[in-house]
Amino acid sequence: LGDGEADIRRAGAQGLARAKRRNRIPADVLGALGAALRDEMPQVRFNAAVAIARATCGAEMPSAAFDGLAEALQGGETEVRRAAARAIATAGGASGHAIDALGLALEDPAAEVRVSAASAVGDVAARREIPQELVHKLAAAFGDGECQVRVHAAWAIAQVANRSALPAEVIEALGAAARDDEAEVSRNAVGA
């Protein structure tokens with residue numbers, strides 16, 4: 001992953017991304033994958049995010065990897081940002097920096113990234129409490145023009161509601177979302 005040749009870095013990250021055995025990548029390699037999220041080559045960054053997700057499924061990841069994912073969420077190619085959101089969601093515990101980055105990703109210009117971010121927040125919320133500011137950002141996503149963003153935001157808020165009480169303004173936003181023209185948005189909002 002640290003080779004001077006871009007194609008070798010890409011192949012290394014791709015090989016780790018395709019690894020069949022989850023949770024088998026050593027911590028020092030995860031740290032190197034975190035560093036690979038800053039690579040100049042988009043394919044290396046994408047495969048590094050995928051490899052981190054596969055390796056840390058349900059397990060803790062080193063802070064260097066979380067920090068790299070948080071950075072990857074804030075810029076670069078859409079597919080890299082989506083993969084970074086999914087990788088944060090699969091890990092056992094997200095750092096505050098990574099959670100903040102997911103909040104910013106809910107406002108990403110690309111709808112696919114906003115969908116992945118909302119889904120990732122829901123996955124994290126299913127395992128632990130998330131900051132109220134992030135719950136409010138999910139509620140604000142009910143105004144998104146992209147249906148799938150609203151669907152995943154409603155599902156994510158349902159995950160939050162399973163762990164803690166929702167603020168009154170979020171409950172009010174859920175009421176409005178329950179009347180959404182899209183049936184899946186309404187169903188998820190009512191389920192919350």
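Just the heavy atoms: all of them, side chains too, but no hydrogens, waters or symmetry mates, feed the values below. From a predicted model like this one, the values you see are computed outputs, not experimental measurements.
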(message) Please say yes or no: joined through hydrophobic side-chain contacts below 4.5 Å, possibly via intermediate residues, are V170 and I99 part of one cluster?
(response) yes
Just list the side-chain donor-acceptor pairs under 3.5 Å for residues 149-156, sequence neighbours left out, or say none.
from, atom 1, to, atom 2, distance (Å)
R150, NE, D180, OD2, 2.8
R150, NH1, D144, O, 2.8
R150, NH2, D180, OD1, 3.2

d(L69 CG, R45 CZ) to nearest 0.5 Å is 13.0 Å
dist D39:CG -> L33:CG (nearest 0.5 Å) comes out at 11.5 Å
Between R9 and V44 the two heavy atoms that sit nearest each other are C-CG2, 3.7 Å
Are any of the side-chain heavy atoms of Q132 and P167 separated by less than 4.5 Å?
yes
task: Could you check I157 against N188 for side chain to side chain contact (heavy atoms under 4.5 Å, CB included), going step by step and ending with a plain yes or no?
output: CA-CA 9 Å; I157 287 178; N188 284 352; over 6 Å; no
Between A49 and A84, the two heavy atoms sitting closest are CB-N, 3.9 Å
(request) Determine, for E146 against R114, whether the closest basic-nitrogen to carboxylate-oxygen distance falls under 4.0 angstrom. (result) no
*Do the side chains of L37 and I52 get nearer than 4.5 Å, heavy atoms only?*
yes
Residue set satisfying side-chain hydrogen bond (donor to acceptor under 3.5 Å, both in side chains) with Q159, at least two apart, ordered chain then number -> none
* To do: Report, as yes or no, whether the 6.0 Å neighbourhood of atom CD on E172 holds more than 12 heavy atoms from other residues, nucleotides or ligands.
  => no
Worksheet item: Any salt bridge between R82 and E79, counting N to O under 4.0 Å?
Response: yes
Any heavy-atom pair between the side chains of S186 and R179 that's under 4.5 Å? no
When rounded to the nearest 0.5 Å, the distance separating CZ of R163 from CD1 of I130 is 10.5 Å
Looking only at heavy atoms, the pair that brings E182 and C147 closest together is CG-SG, 3.4 Å
Nearest heavy-atom contact between A105 and A117 is CB-CB, 3.6 Å
When rounded to the nearest 0.5 Å, the distance separating CG of L73 from CG of L106 is 10.0 Å
Exercise for the section: Measure from the side-chain N and O atoms of R81 to the backbone N and O of E112, and report whether any donor-acceptor pair falls under 3.5 Å. Expected result: no
So D7 and M41, side chain to side chain contact (heavy atoms under 4.5 Å, CB included) or not? Walk me through it.
CA-CA 9 Å; D7 285 337; M41 191 174 193; 3.8 Å; yes
message: If hydrophobic clusters are built by linking Ile, Leu, Val, Met, Phe, Trp and Tyr wherever their side-chain heavy atoms come under 4.5 Å apart, do V185 and V115 end up in the same one?
response: no
For F142 and A173, the nearest pair of non-hydrogen atoms, with its separation, is CD1-O, 3.6 Å
*Considering residues, nucleotides and ligands other than D181, do more than 12 of their heavy atoms fall under 6.0 Å from its CG?*
no
Here the pair of heavy atoms bringing P42 nearest to E40 is CD-O, 3.5 Å
*Decide whether I171 and V160 are clustered together by the hydrophobic rule: side chain heavy atoms of Ile, Leu, Val, Met, Phe, Trp, Tyr closer than 4.5 Å, transitively.*
yes
Between R86 and V50, is there a side-chain heavy-atom distance shorter than 4.5 Å?
no
Does V190 belong to the same Ile/Leu/Val/Met/Phe/Trp/Tyr cluster as V135, with side-chain heavy atoms less than 4.5 Å apart forming each link?
no
